[in-house]
Amino acid sequence: MSKKSFRVVILPGDGIGPEVVAEATKVLEAVAAASTDIDLQLESHDFGGCAIDKHGVALPDSTLQACKEADAILMGSIGGPKWGVNSKIRPEQGLLTLRKALGLYANIRPANFASDSLLDNSPLKPAIAQGVDIIVVRELIGGVYFGARKESGVAPDEDTAWDTMIYSVSEIQRITRVAAQIALAAHPPLPIHSIDKANVLATSRLWRKVVTETLEVEYPQLKLDHHLVDSASMLIVASPRKLNGVILTENLFGDILSDESSVIPGSLGLLPSASLAGAPSVADYKSANFKATPGIYEPIHGSAPDIAGKGIANPIGTILSAAMLLRYSLGLDIPARAIENAVRVVLDNEDKGGHGLRTADLGGNLSTKVMGAKIVEVLKTLL
Ligand SMILES: NC(=O)c1ccc[n+]([C@@H]2O[C@H](COP(=O)([O-])OP(=O)(O)OC[C@H]3O[C@@H](n4cnc5c(N)ncnc54)[C@H](O)[C@@H]3O)[C@@H](O)[C@H]2O)c1
Ligand SMILES: CC(C)[C@H](C(=O)O)[C@@H](O)C(=O)O
Ligand SMILES: [Mg+2]
């Protein structure tokens with residue numbers, strides 16, 4: 001039987017991006033080496049600050065073209081002080097352009113414990129952090145990130161700047177359906193917590209109305225509640241289990257709340273994300289046989305300039321992103337689970353004191369490379 005071939009574009013990016021992507025790439029290579037029926041063609045492209053330095057733009061045409069043709073994209077992180085907020089060309093613009101060009105409206109960011117052995121690493125008391133299981137579903141290509149804006153220093157009102165937040169009914173409906181499919185795939189179905197600022201913003205009042213109507217008409221079996229974003233951000237640290245289930249929110253609130261909830265399981269460096277152009281269906285989840293949906297997979301953290309080049313970044317968020325890539329874009333649930341189990345084994349069992357292995361962000365002393373190698377070593381025994 002001939003092997004099924006998949007093209008995976010790798011965008012290492014800036015700062016710790018190349019360091020963590022190198023480890024996730026080894027994980028993907030181990031999966032391919034152990035398989036008799038899949039072949040992964042991995043190809044690296046310039047993106048972000050390094051692309052600005054080399055090509056004068058954050059997203060070169062050749063990178064965009066390769067991403068459009070790929071079955072999936074694995075990304076590290078982009079940005080850094082060299083191309084800071086006052087630069088004319090910024091790496092972050094490239095990321096927004098790429099997300100928009102690929103139509104990646106659904107950003108799925110699970111913030112749950114890879115392992116209970118991480119409880120002691122949570123900044124929250126174990127009694128508060130235990131059992132937190134939140135999946136943030138963030139709308140990714142609308143809202144204030146993409147509305148018209150004016151910078152200060154531009155005529156006629158040079159001392160004003162503005163951004164606009166726009167949402168349409170159809171943009172809210174489609175992300176609500178993604179959240180609903182994720183909620184329905186669980187047993188029992190997960191509650192949906194929709195988060196907005198409807199006491200102030202017109203877009204939030206539309207958001208609340210459309211989320212309510214879409215769920216009432218199409219998914220009446222799901223539980224829904226609404227929270228204002230200010231009190232939701234308080235709940236995430238005061239009693240996060242109250243938000244267990246699916247947090248459904250717009251682009252900017254999702255950016256902020258996903259970083260906030262990500263530290264509950266111990267470190268920003270642990271958490272993966274998927275940005276998809278369509279929703280996996282309940283049938284996909286139940287059969288563990290996902291229809292290939294193109295997407296970008298990346299840890300939720302940034303380029304971490306404070307630790308870049310030191311070889312101490314935690315690669316687990318990127319390695320778990322590679323697992324999501326196999327599951328959602330390549331339809332390979334079995335190796336995806338094997339990767340997640342390998343991470344759990346390394347975090348739980350690998351030392352004699354019962355506290356597993358840790359990189360510096362989790363109070364340990366493992367380098368990025370050694371953590372990656374340990375995960376690959378365990379993974380090979382599970383494939
Ligand atoms: N998707 C992306 O590429 C992405 C996401 C967020 C931020 N950024 C960019 O990254 C740059 C730096 O942003 P920032 O400093 O605000 O956020 P950051 O996420 O890069 O870092 C925040 C803190 O978390 C730590 N951290 C992050 N990832 C870690 C890991 N894997 N292991 C250990 N510690 C880790 C950092 O050392 C730092 O102390 C900015 O230019 C920003 O725009 C990019
Ligand atoms: C780098 C930046 C544009 C990006 C965002 O705000 O979406 C990042 O913070 C993220 O969470 O992926
Ligand atoms: Mg962010």
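Each ligand, and each atom within it, is numbered from 1 in the order the structure gives. We count residues from 1, following the sequence as given.
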Trainee: Regarding Asp14 and Trp83, is there a side-chain donor-to-acceptor distance under 3.5 Å anywhere?
Mentor: no

Trainee: Going by the rule ring-ring contact (aromatic ring centres under 6.0 Å, His included), which residues pair with Tyr167 if we only count those two or more places apart in sequence or in a different chain?
Mentor: Trp207

Trainee: Residue-level breakdown please: for Ile78 versus ligand 1, do any non-hydrogen atoms fall below 4.0 Å on the side chain, on the backbone, on both, or on neither?
Mentor: both

Trainee: Would you check the N or O atoms of Ala304, main chain and side chain alike, for any that come under 3.5 Å of an N or O of ligand 1?
Mentor: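 Such a contact does occur with ligand 1.
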
Trainee: Taking non-hydrogen atoms only, is Pro299 closer than 4.0 angstrom to ligand 1 via side chain, backbone, both or neither?
Mentor: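 None of Pro299 does.
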
Trainee: Is Arg138 near ligand 2, meaning one of its heavy atoms is under 4.0 Å from it?
Mentor: yes

Trainee: Scan side-chain atoms only and decide if Asp71 and Ser329 contain a donor-acceptor pair under the 3.5 Å cut-off.
Mentor: no

Trainee: Around atom 23 (C) of ligand 1, find the nearest protein heavy atom and jot down its residue, atom name and distance.
Mentor: Leu268 CD2, 4.3 Å

Trainee: Tell me if a side-chain donor or acceptor on Asn121 pairs with a main-chain N or O of Leu362 at a distance below 3.5 Å.
Mentor: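 Here the side-chain-to-backbone pair exists.
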
Trainee: So, does Thr176 use its side chain to make a donor-acceptor pair with the main chain of Ile172 at under 3.5 Å?
Mentor: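 Here the side-chain-to-backbone pair exists.
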
Trainee: For Ile128, is there any backbone N or O sitting under 3.5 Å from a side-chain donor or acceptor partner on Arg241?
Mentor: yes

Trainee: I'd like to know if the side chain of Arg149 and the backbone of Thr164 have a donor-acceptor N/O pair within less than 3.5 Å.
Mentor: no

Trainee: Out of curiosity, is Gly317 lining ligand 1, as in a heavy atom under 4.0 Å away?
Mentor: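 In this structure, Gly317 fails to qualify as a contact of ligand 1 - no heavy atom is under 4.0 Å.
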
Trainee: Of all the non-hydrogen atoms in the protein, which one sits nearest to atom 41 (O) of ligand 1, and at what distance?
Mentor: Glu92 OE2, 2.9 Å

Trainee: Tell me the protein heavy atom at minimum distance from atom 8 (N) of ligand 1, and give that distance in Å.
Mentor: Gly302 CA, 3.4 Å

Trainee: Mind checking whether Ser77 has an N or O less than 3.5 Å away from an N or O of ligand 1?
Mentor: no

Trainee: Relative to each other, are the rings of Tyr297 and Tyr328 parallel, tilted or perpendicular (30° and 60° limits)?
Mentor: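 Ring orientation of Tyr297 relative to Tyr328: parallel.
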
Trainee: Does a donor on one side chain and an acceptor on the other come within less than 3.5 Å for Thr212 and His226?
Mentor: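 There is such a pair (donor and acceptor under 3.5 Å, judged by atom type) between the side chains of Thr212 and His226.
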
Trainee: When you measure from atom 4 (C) of ligand 2 to each heavy atom in Arg99, Glu92, Glu298, Arg109, which option holds the nearest one?
Mentor: Arg99

Trainee: Sub-3.5 Å donor-acceptor pair from the side chain of Lys150 to the main-chain atoms of Val154, do we have one?
Mentor: yes

Trainee: Quick test of your reading of the structure: of Ile316, Asp306, Ile16, Ile307, whose heavy atom lies closest to atom 38 (C) of ligand 1?
Mentor: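 Minimum heavy-atom distance to atom 38 (C) of ligand 1 goes to Asp306.
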
Trainee: Does a side-chain N-to-carboxylate-O contact under 4.0 Å join Lys26 and Glu23?
Mentor: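 Looking at Lys26 and Glu23, the cut-off is met.
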
Trainee: Would you verify that at least one protein heavy atom lies under 4.0 Å from atom 28 (N) of ligand 1, or report that none does?
Mentor: yes

Trainee: Give the atom numbers and elements of ligand 1 that come within less than 4.0 Å of a heavy atom of Ala313.
Mentor: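 Near Ala313, the atoms of ligand 1 are 32 (N).
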
Trainee: Does this structure show an ion pair linking Lys3 with Asp37, if we count only N-O contacts that are shorter than 4.0 Å?
Mentor: no

Trainee: Identify the protein heavy atom lying closest to atom 32 (N) of ligand 1, giving its residue, its atom name and the separation to 0.1 Å.
Mentor: Asn314 N, 2.9 Å

Trainee: Would you say the side chains of Asp163 and Tyr145 form a donor-acceptor pair under 3.5 Å?
Mentor: no

Trainee: Should you measure from each heavy atom of Tyr145, which atoms of ligand 2 turn up under 4.0 Å away?
Mentor: 5 (C), 6 (O), 7 (O)

Trainee: Could you tell me whether atom 34 (N) of ligand 1 has at least one protein heavy atom nearer than 4.0 Å?
Mentor: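 Under 4.0 Å from atom 34 (N) of ligand 1, at least one protein heavy atom found.
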
Trainee: Cut-off 3.5 Å, side chains only: do Asp133 and Asn244 have a donor facing an acceptor?
Mentor: no

Trainee: Would you say the side-chain atoms of Asp196 and Ser204 include a donor-acceptor pair closer than 3.5 Å?
Mentor: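 Distance-only check fails for Asp196 and Ser204.
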
Trainee: What's the shortest distance from atom 12 (C) of ligand 1 to any protein heavy atom, and which residue and atom give it?
Mentor: Pro305 CD, 3.6 Å

Trainee: Given a cutoff of under 4.5 Å between side-chain heavy atoms of I, L, V, M, F, W and Y, with clusters grown through shared members, what are the other residues clustered with Ile73?
Mentor: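 Same cluster as Ile73: Val9, Leu11, Phe47, Leu59, Leu64, Met75, Ile78, Leu95, Leu98, Leu102, Leu104, Ile296.
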
Trainee: Could you grab the protein N, O or S atoms closer than 2.8 Å to the Mg ion (ligand 3) for me?
Mentor: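 The answer, once waters are left aside, is Asp255 OD1.
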
Trainee: Considering both backbone and side-chain atoms of Arg99, is one of its nitrogen or oxygen atoms within less than 3.5 Å of a nitrogen or oxygen in ligand 1?
Mentor: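 N/O-N/O distance under 3.5 Å: no.
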
Trainee: Could you list which atoms of ligand 1 come closer than 4.0 Å to a heavy atom of Gly79?
Mentor: 41 (O)

Trainee: State the atoms of ligand 1, each with its element, that fall below the 4.0 Å cut-off from a heavy-atom position in Gly269.
Mentor: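 Here the atoms of ligand 1 in question are 30 (C), 31 (N).
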
Trainee: Given that the side chain starts at C-beta and the backbone is N, CA, C, O, which of these parts of Asp361 lies under 4.0 Å from ligand 1, counting heavy atoms, or is it both or neither?
Mentor: side chain

Trainee: Show me, pair by pair, the donor-acceptor contacts under 3.5 angstrom made by side chains of residues 299-313, not counting sequence neighbours?
Mentor:
from	atom 1	to	atom 2	distance (Å)
Ser303	OG	Gly79	O	2.9
Lys310	NZ	Asp306	O	3.3

Trainee: Give the residue and atom name of whichever protein heavy atom lies nearest to atom 11 (C) of ligand 1, and the separation in Å to one decimal.
Mentor: Ser303 OG, 3.3 Å

Trainee: Using heavy atoms and a threshold below 4.0 Å, how should the contact between Leu95 and ligand 1 be classified: side chain, backbone, both, or neither?
Mentor: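 It is the side chain that touches ligand 1; the backbone stays farther off.
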
Trainee: Return yes when at least one protein heavy atom is under 4.0 Å from atom 16 (O) of ligand 1, and no when none is.
Mentor: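 Not a single protein heavy atom is under 4.0 Å away.
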
Trainee: List the closest protein heavy-atom neighbour of atom 2 (C) of ligand 1: residue, atom name, distance to the nearest 0.1 Å.
Mentor: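 So the nearest neighbour among protein heavy atoms is Glu298 OE1, 3.8 Å.
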
Trainee: Testing the 3.5 Å rule here: is there a donor-acceptor pair between the side chains of Glu250 and Thr203?
Mentor: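 No.
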
Trainee: Do Asn341 and Arg344 get their side chains close enough for a donor-acceptor pair, meaning under 3.5 Å?
Mentor: yes

Trainee: Where's the contact between Ile312 and ligand 1, heavy-atom distance under 4.0 Å: side chain, backbone, both or neither?
Mentor: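 Within the 4.0 Å criterion, Ile312 makes no contact with ligand 1.
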
Trainee: What protein heavy atom sits nearest atom 9 (O) of ligand 2, and how far off is it?
Mentor: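 Of every protein heavy atom, Asp255 OD1, 3.2 Å lies nearest to atom 9 (O) of ligand 2.
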
